[in-house]
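Here's the structure, in structure tokens; my notes come after.
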Amino acid sequence: MSNPLLQLLVLGAIAVFLILRLRGVLGTRDGFETPSLPEEPAPRKRFDVIEGTAEPGDSDIADHAEPGSPTAQALAQMKRAEPDFAVGPFLAGAKSAYEMILMAFERGDIAEVRGFLAPQVAEAFDSVIADRKARGLTTEAQFLGTRETALASAEFTPASGMAELSVRFVGEMIVATRDAQGNVVDGDPKSARKQRDIWTFARRMGEDDPNWQLVATA
């Protein structure tokens, strides 16, 4: 065997020995690995502790009334008297009733909505409509939408089961009143205006009739 070949075999054996020693000390890694960082403890989950047992629908009340306020307490009593009652769906219905009743009044014909009006409110509407007709006035109205519907207050009488909910509305509409000659005497047929109202609806909780009646306007 030639001397150069012998030297090559010896160097190869030394290289293999060194590789085996290094693998024994460092272990094996495939590809590039970023240095590992110390593991951080997993964040602890946060739980809100609520004293006592919450009644069903409490979140529904909290969305519309200050917790502990007279309004919130009245709403809770309503829910106990009628478990299916919820503020959110009520306000959605009140919003639809607001547009329907308001437009019927402006058109001068409340026949279709009379069932949703308390007698004193229907009488007041009839009086205004009759006065307009007597003076030869007509009203043109276009409802553009309700910009705000919010619960203003709530009252409940446990003895009678009567509930009253006052709702604040901000609507936008175009209204113009014309005289017998067609002249605009109030409003503007080309300009929108905001209509701000607080309407109070009443109903005896627990009864089969689900309809609320408008008992006051402001």
Residues sharing Val170's hydrophobic cluster, by side-chain heavy-atom contacts under 4.5 Å among ILVMFWY, directly or via others? none
Share the residues that join Val185 in a hydrophobic cluster, the rule being Ile, Leu, Val, Met, Phe, Trp or Tyr side chains under 4.5 Å apart at the heavy-atom level. Leu137
Suppose we screen for salt bridge (Lys or Arg N to Asp or Glu O under 4.0 Å). Which residues come up paired with [X], at least two apart in sequence or across chains?
X: Glu207; result: Arg204
X: Arg114; result: Asp126
X: Arg193; result: none
X: Asp209; result: none

Residues passing the side-chain contact (heavy atoms from CB on, under 4.5 Å) test with Ser69, sequence neighbours excluded, are Ala65, Glu66, Thr71, Ala72
Partners of [X] by side-chain hydrogen bond (donor to acceptor under 3.5 Å, both in side chains), sequence neighbours excluded?
X: Gln73; value: none
X: Arg107; value: none
X: Glu112; value: none
X: Glu172; value: Arg147

Please examine the side chains of Ile174 and Leu144, heavy atoms only from C-beta on, and report whether any two atoms are closer than 4.5 Å. yes
Beyond-backbone contact of Thr139 with Val175, side-chain heavy atoms, under 4.5 angstrom: yes
Tell me which donor-acceptor pairs under 3.5 Å the side chains of residues 154-162 have, and how far apart each pair is, sequence neighbours excluded?
residue: Ser160; atom: OG; partner: Met162; partner atom: N; Å: 3.3

